[in-house]
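The basis for the numbers below is simple: all heavy atoms, side chains too, and nothing from hydrogens, waters or symmetry mates. This one's a predicted model, so the numbers in the text were calculated from it and none came from an experiment.
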Amino acid sequence: MPMFKLACLFIIGLVCSEYIDANFIKINQLVIISAILLGIAIVQLNHRQLSSLYLGLNTIIIGCLLGLHAHTLPNTKIELGKKKIYVLKVVSHEIKEDQSKVVANILFSIEGNKACTTDACKIIFWTKNKALRNNNTGDIMITQLSINQISENKNPLTFNYKKFLSRKNIHYSASIKPDTEILQLYTTPKTSISNLSLRSKKYISKLLKRHIPDQKNYAIAAAMILGDKSEIDESLYQAFSKTGAIHTLAVSGLHVGMISLIILFLCRPLKVFKTGKYLILIVNLISIWSFVYLTGCGPPAVRAGCMISLYCVAKILGRYNQTWNTLGTAAFIILLIKPQELFSISFQFSFLALSSILFFYPRLDKLILVTNPVLLKFKQLIVLSLSAQILIIPASIYYFHYIPNYFWLSGIIAVPAAGVILSLGILLIITSCSSLLDFLHNAVGQILNFIIEQLNFCILKIQSLPFHEISNIWLEKTDLILIYLGLIICIIGFNYLKFWTIAFGCLLLISQNFIHLKQKFEKSKSSKLMVYDTPKGLLIDLCKNGYHIQMKQENVSPKDIKRNSEKFRIKYGPQKAPPDLLTQVSKGKNIYYFENKVIVINPTKSIKVCQPIDFLILSKIPDIKISEFIRSNAVDHLILKNINPKMIDLPPSSKRINKVHSIDIDGPFLKSFSYE
């Protein structure tokens, strides 16, 4: 498995680049080290083991180099926050409801009569400007806009959108008003690949909408056939996710493999020609990669396209094809072109699932012998789902914090249904080409609509079953590393039948359990006060021993709560607290006792509290004067939200307040206090 090992070493290098300080180790130093190692490997060619060692180290360094290069910010001359005229080249364009989401390269900035070039800096923006609705990839336009840094959510454990975009080499955002004039300098020809793909996508989308009137059913068809998940209803998406059938909505090996099988079946008559097998290969490869491009070139689709292409080429050339090598080659090619794909969830899940199937499926399949052909198919689907989940579950818990208990049941239904839906979708497109096939075309459309409707019904029913998931599970990064290290060592031990290797892997897994239990015990011995940085108002969480109490202002929406506090709660207090966890002194005065601490939130009266106030939290200028309130009470922490500290008239040289924390300036406020 040389290519699989090479891909693993390359991945180690990319991971290392995330933790290397580019200022400490220069890229040119790594280039010199890489060249030296390559030279030593060539000299040591007679010593196979030594040469392999040096080549392996060189692969790790090359991975580091590519990773560091991907982190390098473009050397641009952009003035942030200033409105200027820019020449932009569209990289990607999506329309969601009435908004356009555009990613573009800045080619020039124009000031007066001067045009300044930039280092192909990428920006992202959302706009309701109707002039952008017909833009395609490759179009060049000129417009006035203001460029800003991408905002970062400072709340703990939240999704780092800024880092997510930086991995795509997007470092700035922009804003364009709906009435801003946009001048089109260059329009991509209608015969270009991107334009043909977009037109094909629009045609297929209209075709599906015509035969699938229900929006929920259409959204599932668009996801499975076109790779467009943007229109799936949130509740339905959650149902697929919570039942473990979410993978069927992403274009992956199942979909690409189905396309390949259909093309091979349709091209069978070409075998009569002398060069028939080469013609079939060319048609198959063109069809596969056209489908991958049409569906957005997602990591699972690209992985499947690479693997099927390599398999077909190897078969034509009469070469031995090893699946692990093919998997490694696919990973290596993807990461060589886009190193930052390694850190995308879709890439990780795609390769983890296939690796898990390749190793565990043959072994689990032999455990139960079934002779009945119908039961055999059910057994194979269950074993396939179980095999895929073994390596996915730890990552699923780390990212999503739950385990779907009925993934095996949803797999029996969703996997065959996805294959049928894709096949019917292709047949629907083929039969739309001729009016002579209208009867068959309409019949296919009705069957497709019926199957999607039944699939959605089954998924929702599975979600409604009791104990459909184990939720609110928290794993630290160290837990995840230990789990995968233990699993990989156990797999190596089973593969080479090494008892001590298996024992060591099991020891690592047991150690992780003890570490996890220790972390849970430490959490149970501490309480936390969290005041989040939310744009619209005050959001507070009080967490103790796995419970939480939430306090918020009316203008804080459920979406804001989920985005800013969901993961913090899962880690420290997933359960709603009993009434006695927080004591309210009296209604209307907003004074609370929590863990022997006095918390006052937006006081309405200038009263004297019997004991010192630990936390005074203000989100608006109250009717009373803060200076008078502080003169009457000793305050340890003054926490301000949407209030400029300079606007508060604190008593001069007052020692009645110890610390002032502004959420808008200093970020969210987190206070931990232990108890026995």
Side-chain angles (χ1 to χ4, degrees), residues 1-18 59-60 62-63 66-67 70 164 167-168 227 244 246-257 260 288-289 292 295-311 321-363 384-400 407 411 415 477 480-481 483-492 495:
M1 301 186 294
M3 281 306 298
F4 183 78
K5 292 175 182 177
L6 195 70
C8 290
L9 294 170
F10 189 68
I11 288 168
I12 290 169
L14 290 174
V15 172
C16 290
S17 71
E18 286 287 302
T59 305
I60 293 172
I62 290 169
L66 282 175
F164 170 77
R167 294 192 193 283
K168 298 175 179 288
I246 192 70
H247 61 95
T248 59
L249 298 181
V251 175
S252 58
L254 173 69
H255 307 75
V256 180
S260 180
I288 287 169
W289 288 104
V292 170
T295 55
C297 294
V302 175
R303 184 264 304 160
C306 285
M307 290 191 69
I308 293 171
S309 299
L310 289 168
Y311 174 81
N321 194 298
Q322 192 181 51
T323 312
W324 286 102
N325 254 347
T326 309
L327 179 66
T329 306
F332 190 80
I333 291 169
I334 294 169
L335 295 176
L336 201 62
I337 298 167
K338 291 185 177 180
Q340 295 304 309
E341 280 294 337
L342 175 65
F343 304 99
S344 71
I345 295 175
S346 58
F347 178 91
Q348 293 172 13
F349 275 47
S350 174
F351 281 90
L352 280 173
L354 191 55
S355 299
S356 192
I357 290 168
L358 289 177
F359 183 81
F360 291 105
Y361 181 81
R363 291 161 176 82
L384 184 69
S385 298
L386 183 61
S387 302
Q389 290 293 324
I390 292 172
L391 289 183
I392 280 183
I393 281 176
S396 181
I397 295 171
Y398 178 75
Y399 287 116
F400 307 117
F407 63 85
V415 172
K477 192 175 283 187
L480 188 71
I481 291 167
I483 289 170
Y484 275 118
L485 200 58
L487 284 171
I488 289 166
I489 291 170
C490 284
I491 286 169
I492 293 169
N495 197 47

Checklist entry - After noting the C-alpha distance and the side-chain angles of Thr323 and Met307, does the key distance pass the side chain to side chain contact (heavy atoms under 4.5 Å, CB included) rule? => result CA-CA 8 Å; Thr323 312; Met307 290 191 69; 4.2 Å; yes
Item to check | For the student: nearest non-hydrogen atoms of Leu352 and Ala395, plus distance | outcome: CD1-CB, 4.1 Å
Checklist entry - Do Arg363 and Tyr361 meet the cation-pi criteria used here (NZ or CZ under 6.0 Å from the six-membered ring centre, within 45° of the axis)? => result no
Item to check | Any Ile392 side-chain heavy atom under 4.5 Å of His247 side chain | outcome: no
Checklist entry - Hey, what do you get for OH (Tyr484) to OH (Tyr398), rounding to the nearest 0.5 Å? => result 11.5 Å
Next on the checklist: I need the Ile60 CD1 to Leu6 CG distance, nearest 0.5 Å.
Outcome noted: 10.0 Å
Next on the checklist: Holding to side chain to side chain contact (heavy atoms under 4.5 Å, CB included), I want the full list of residues that pass it with Leu485, two or more places apart in sequence or in another chain.
Outcome noted: Ile489, Leu508
Checklist entry - Side chains of Ile491 and Phe360: closer than 4.5 Å at any heavy-atom pair? => result yes
Next on the checklist: If I take atom CG from residue Leu335 and atom CG from residue Leu14, how far apart are they, to the nearest 0.5 angstrom?
Outcome noted: 6.0 Å
Item to check | Considering all heavy atoms, the nearest Ser356-Ile390 contact | outcome: OG-CB, 3.7 Å
Item to check | Which atom of Phe10 lies closest to which atom of Thr59, heavy atoms considered | outcome: N-CG2, 3.7 Å
Checklist entry - CD1 of Ile288 to NE2 of His255: how many Å apart, nearest 0.5 Å? => result 14.5 Å
Checklist entry - Does a donor on one side chain sit under 3.5 Å from an acceptor on the other, for Ser309 and Trp289? => result yes
Item to check | Point-to-point distance, once rounded to the nearest 0.5 Å, from CD1 of Ile337 to CG of Leu66 | outcome: 11.5 Å
Next on the checklist: I want to check something: taking the side chain as every heavy atom from C-beta on, are Phe407 and Leu386 in contact at a cut-off of under 4.5 Å?
Outcome noted: yes
Checklist entry - Where the side chain of Tyr311 meets the backbone of Thr326, is there a donor-acceptor pair that is under 3.5 Å apart? => result no
Checklist outcome for this item: Heavy-atom closest pair (Leu327 atom, Ser355 atom, distance to 0.1 Å) is CD2-OG, 3.3 Å
Item to check | Inter-residue atom distance Ser396.OG - Leu391.CG, 0.5 Å rounding | outcome: 12.5 Å
Item to check | Heavy-atom check, side chain of Pro394 versus side chain of Leu487, under 4.5 Å | outcome: yes
Item to check | Single hit among Phe343, Phe349, Phe351 for ring-ring contact (aromatic ring centres under 6.0 Å, His included) with Phe347 | outcome: Phe351
Item to check | Pair listing, side-chain hydrogen bond (donor to acceptor under 3.5 Å, both in side chains) test, anchored in residues 341-351, at least two apart | outcome: Arg303-Ser350, Glu341-Ser344, Gln348-Tyr399
Next on the checklist: With side chain to side chain contact (heavy atoms under 4.5 Å, CB included) as the criterion, how do Phe332 and Leu9 come out once you've worked through the C-alpha distance, each side chain's angles and the decisive distance to 0.1 Å?
Outcome noted: CA-CA 10 Å; Phe332 190 80; Leu9 294 170; over 6 Å; no
Item to check | Nearest atoms (heavy-atom pairs only) where Ser385 meets Gly411 | outcome: OG-CA, 3.7 Å
Item to check | Residue list, side chain to side chain donor-acceptor pair (under 3.5 Å) with Ser260, at least two apart or on another chain | outcome: Asn284
